[in-house]
Student: 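This is the structure, below, for whatever I ask next.
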Amino acid sequence: MGKTLFDKIWDSHVVKSIDDGPNVLYIDRHFIHEVTSPQAFAGIKERGGKVARPDQVVATPDHNIPTIDQHLTIQDELSRLQVETLKKNCEENGITMYGLNHPYNGIVHVVGPELGITQPGMTMVCGDSHTSTHGAFGSIAFGIGTSEVEMALATQCIMQPKPKSMRINIEGELANGVTSKDIILYIIAQISTGGGTGYFVEFAGSAIRSLSMEARMTICNMSIEMGARGGMIAPDETTYEYIKGREFAPKAEKWDKAVAYWKSLCTDDDAVFDKELNYKASDIEPMITYGTNPGMGAKVNSNIPTLDSIEDSSKNTFQKSMDYMGFAAGDKLEGKAIDYVFVGSCTNGRIEDLRQFAAAVKGKKKADSVTAWIVPGSKQVEKQALAEGIKEELEAAGFELRQPGCSACLAMNDDKIPEGKYAVSTSNRNFEGRQGPGSRTLLASPLTAAAAAVTGTIADPRTIFNL
Amino acid sequence: MSIEKFVTVQTTVVPLPIENVDTDQIIPARFLKATTKEGFGDNLFYDWRYEKSGEPKADFVLNNDKYSGSVLVAGKNFGSGSSREHAAWAIAGYGFKAVVSSFFADIFRGNALNNGVLPVIVSEAFLAGLFKSIDADPKAELKIDLQAQTITNVSTGEFESFEINSYKKDCLLNGLDDIDYLLSLKDEIAAYEKQAVKF
């Protein structure tokens, strides 16, 4: 029987398999940031150990950093201490860190791919659930806890039970105004936030193959939001084209050798998945979430489900969510007033997302009632946005381009959505308080966020922008 | 280093009959700025537990004197979302030894195990029965025997077996952690590296 893409990579990274227990899995690349690493370094120190393979670890502070005035000292004392602790730990252990103001600084999951660190066939971890982003390159990448960060730092291995395999096929062509964010929000709405739990998911089908690397990253990024251990897409010409020439990409004869190996990274025709799901691209329309988990999503031109469509055992949880959001079951989504728009994060903070948003709002004006934060995912994205004139385009429409970081996605810095306010966000989570205590998040694509930004309401981008 | 050994518990429980409790609720992001593992228990479920003023919210279960105990019983899909191990530190720091639910998110489950907190997966029916018993009597007890891999609703006598791989079971029963084990594999890891694909 043939092997899946996942099996090929996983099996080739097993150092040891424990009977009725986890596998000892070798990790090729380990990303760290300031929030989930300090206790891991402290643990290593306490044991009197050291970082095993510092050249396979890359650090970038991203969660806590401000998105304005980055040339100044970080004002928040605890945030500053975490960022300084990361710097100190990296210096002591010989780990490369792209600190604040470094031209390579940015959100860890934006930085890895754009520098060519992320490559097909690798195993990659980070103490951050959105590590699944890197799976877009045909790597096995997933989020881990701090104990596992310590394991990876101390031994370059972690212990993981092998997940089950799932393939999600999306066939056909996406309609105008429908983006990869809509694909993943649609899938999560279909299978719920627990639908992928226990599985590692390969995304396949003609709709996936037609996507750019940026768009593929958005899908793999949010595979964790359906509970999956990670998501991945087999590498192809689009992948090689994206990697080629980037700073840490293999060069010259190494490049040829690498591509030859990467070409072997695909699921065999006779491989069998534990679960397989099929969707039609033509069924997917612009999506938005209305509740407090990413599975509570609907077509932007539809209504919130009625209470009788919810299972009895889930009714209380559903109602709690509606109360938090200030919505009622059955409400029409279009036309609801919103207060904030956030474009950014490891989900949709890449250059393509900024391009899409800027092109949409061109010739229009930000609604006066809306506060908008447009946050590039990295310094490199910021630089490119400047070079392409995106900053001017945004400014002409009344938007300001901020500096890179995780920002309002999880509001660890000052970018907090105030209590009770509605934010249409291109990020990944709409949990209670995710964007600040009491904040109400509506997840959507950059295009749907643009429609909200210029109308001040939930709106269908196909109507607003004549797509 | 080690984790606390897991011994059989028989205890009253804290019920949280809400589904999809994500790690942002267990420990909101603004509390992740610490550089140690201490003190997270005080901020467990902070935004559900406290008013903005810092006053306890009377209707939240952790503030209700009727309920106590070292086991949290929660609705399905507990621990979804962020990989923050701070969620497990908060649960352990508060004093919970185990969390019972019909479904756990993968990363949280791993993080809990790595901190000596046992995630016990039960059937929907057993979970519903448990909530019913607690509803009828807040002092209803639950017994978790890791060695035998059984969980018992003491009020009704109903019990179930639960799954845990024998490696992790052994770690919890003996208070061992993965890092010591991995450090003992130094030679095997080096041998692996020699044959691995590299460019």
Side-chain angles (χ1 to χ4, degrees), chain A residues 12 15-16 18-22 24 26 35-36 38-39 42-43 46-47 49 64 78-79 81-82 85 121 127-129 143-148 150-151 154-157 159 161 163 193-194 197-198 227 229 250 254 257-258 261 293 313-314 316-317 320 410-412 429 431-434 437, chain B residues 1 17-20 22-25 28-30 32-37 46-48 52 75-77 80-89 103-108 110-111 114-115 124 128 165-170 177-183 185-186 188-189 191-193 196-197 199:
Chain A
S12 72
V15 174
K16 184 175 176 146
I18 298 169
D19 286 343
D20 193 26
V24 174
Y26 189 81
V35 178
T36 57
Q39 294 87 351
E46 224 172 288
R47 282 172 212 262
N64 267 308
L78 291 172
S79 296
L81 179 66
Q82 262 194 343
T85 304
D128 188 288
S129 58
I144 56 176
T146 297
S147 295
E148 292 160 316
E150 186 178 340
M151 292 175 213
T155 69
Q156 207 55 38
C157 289
M159 304 192 57
T193 54
T197 302
R229 205 66 190 80
K254 284 186 179 171
K257 203 177 140 200
Y261 167 63
N293 72 56
S313 59
S314 302
N316 279 345
T317 301
K320 183 176 182 299
L410 84 169
M412 278 191 79
R429 289 188 173 135
F431 298 145
E432 288 184 30
R434 171 77 179 184
Chain B
M1 293 258 291
I18 298 170
E19 298 176 353
N20 307 315
D22 58 79
T23 53
D24 271 82
Q25 307 318 312
R30 62 187 186 280
L32 308 187
K33 296 186 181 186
T35 51
T36 69
K37 296 181 185 178
Y46 191 94
D47 289 337
W48 287 353
K52 260 188 301 177
K76 72 178 173 198
N77 197 21
S80 58
S82 159
S83 60
R84 59 189 71 167
E85 193 161 320
H86 313 66
W89 299 335
F103 197 83
F104 288 92
D106 290 329
I107 304 181
F108 175 80
N111 287 341
N114 284 335
N115 286 278
E124 294 275 351
N165 69 55
S166 54
Y167 168 83
K168 267 294 167 197
K169 178 176 169 180
D170 188 55
D177 76 13
D178 288 346
I179 301 176
D180 286 329
Y181 175 74
L182 284 174
L183 286 168
L185 299 182
K186 212 175 162 189
E188 279 156 286
I189 295 169
Y192 170 85
E193 285 175 322
V197 179
F199 307 111

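The analysis underlying the following values was restricted to heavy atoms, covering all of them including side chains, and did not include hydrogens, waters or symmetry mates. For clarity, every value in this text was computed on a predicted model and none was experimentally measured. Each chain gets a letter, A, B and so on, in the order the sequences are listed, and its residues count up from 1.
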Student: Using non-hydrogen atoms only, which part of Asp170(B) is less than 4.5 Å away from chain A: side chain, backbone, both, or neither?
Tutor: neither
Student: Specify which of Asn64(A), Thr85(A), Leu410(A), Ile18(A) makes the most heavy-atom pairs with chain B at under 4.5 Å.
Tutor: Ile18(A)
Student: Counting only heavy atoms closer than 4.5 Å, note whether Lys257(A) contacts chain B via side chain, backbone, both or neither.
Tutor: both
Student: Relative to chain B, which of Thr36(A), Thr193(A), Asp19(A) shows the most heavy atom pairs under 4.5 Å?
Tutor: Thr193(A)
Student: Going by side-chain hydrogen bond (donor to acceptor under 3.5 Å, both in side chains), name the residues that satisfy it together with Asp20(A), two or more places apart in sequence or in a different chain.
Tutor: Ser166(B)
Student: So which part of Tyr167(B) gets closer than 4.5 Å to some heavy atom of chain A, the side chain, the backbone, both or neither?
Tutor: both
Student: Considering only heavy atoms and a distance below 4.5 Å, find which of Gly227(A), Gly121(A), Gly21(A) pairs most often with chain B.
Tutor: Gly21(A)
Student: Report which part of Ala258(A) has an atom under 4.5 Å of a heavy atom belonging to chain B: side chain, backbone, both, or neither.
Tutor: both
Student: Whether Glu19(B) and Lys320(A) form a salt bridge (side-chain N of Lys/Arg under 4.0 Å from carboxylate O of Asp/Glu) is what I want to check.
Tutor: no
Student: Which answer fits Asn77(B), side chain, backbone, both or neither, if we ask what part of it has an atom under 4.5 Å from a heavy atom of chain A?
Tutor: side chain
Student: Mind ranking Lys169(B), Glu193(B), Lys33(B), Lys168(B) by heavy-atom pairs under 4.5 Å with chain A and telling me who comes out on top?
Tutor: Lys33(B)
Student: Answer with side chain, backbone, both or neither: which region of Asn114(B) has an atom nearer than 4.5 Å to a non-hydrogen atom of chain A?
Tutor: both
Student: Checking heavy atoms, do the side chain of Asn293(A), its backbone, both or neither come under 4.5 Å from chain B?
Tutor: side chain
Student: If the condition is side-chain hydrogen bond (donor to acceptor under 3.5 Å, both in side chains), which residues does Ser129(A) pass it with, not counting sequence neighbours?
Tutor: Arg429(A)
Student: Determine the option with the most heavy-atom pairs under 4.5 angstrom with chain B, choosing from Leu78(A), Ile144(A), Thr155(A), Leu81(A).
Tutor: Thr155(A)
Student: If you count heavy-atom pairs within less than 4.5 Å of chain B, which of Met151(A), Lys254(A), Gln156(A) leads?
Tutor: Met151(A)
Student: Give, as side chain, backbone, both or neither, the part of Thr36(B) having an atom under 4.5 angstrom from any heavy atom of chain A.
Tutor: backbone
Student: Just wondering, do Met159(A) and Lys16(A) contact through their side chains at under 4.5 Å, heavy atoms?
Tutor: no
Student: Any heavy-atom pair between the side chains of Gln39(A) and His86(B) that's under 4.5 Å?
Tutor: yes
Student: If you count heavy-atom pairs under 4.5 Å between each of Gly198(A), Pro250(A), Pro163(A) and chain B, which one has the most?
Tutor: Gly198(A)
Student: Is there a side-chain contact between Pro437(A) and Lys52(B) (heavy atoms, below 4.5 Å)?
Tutor: no
Student: So what's closer than 4.5 Å to chain B heavy atoms on Ser313(A): side chain, backbone, both or neither?
Tutor: both
Student: Once rounded to the nearest 0.5 Å, what's the spacing between atom OH of Tyr181(B) and atom CG of Asp178(B)?
Tutor: 9.5 Å
Student: Relative to chain A, which segment of Glu124(B) carries a heavy atom at a distance below 4.5 Å: side chain, backbone, both, or neither?
Tutor: neither
Student: Could you tell me whether Asp24(B) and Arg30(B) have a side-chain N and a carboxylate O separated by less than 4.0 Å?
Tutor: no
Student: Which atoms of Ala196(B) are under 4.5 Å from chain A, going by heavy atoms: the side chain, the backbone, both sets, or neither?
Tutor: neither
Student: Please lay out, stage by stage, how Val197(B) and Ser12(A) fare under the test side-chain contact (heavy atoms from CB on, under 4.5 Å).
Tutor: CA-CA 9 Å; Val197(B) 179; Ser12(A) 72; over 6 Å; no
Student: Below 4.5 Å, heavy-atom pairs only: which of Pro28(B), Gly81(B), Gly110(B), Ala105(B) has the largest tally toward chain A?
Tutor: Gly81(B)
Student: Under 4.0 Å between a Lys/Arg side-chain N and an Asp/Glu carboxylate O for Asp22(B) and Arg84(B)?
Tutor: no
Student: Is there a donor-acceptor pair under 3.5 Å between the side chain of Gln25(B) and the backbone N or O of Glu432(A)?
Tutor: yes
Student: Kindly indicate whether the side chain of Glu85(B), heavy atoms from C-beta on, has any atom under 4.5 Å from the side chain of Ile107(B).
Tutor: no
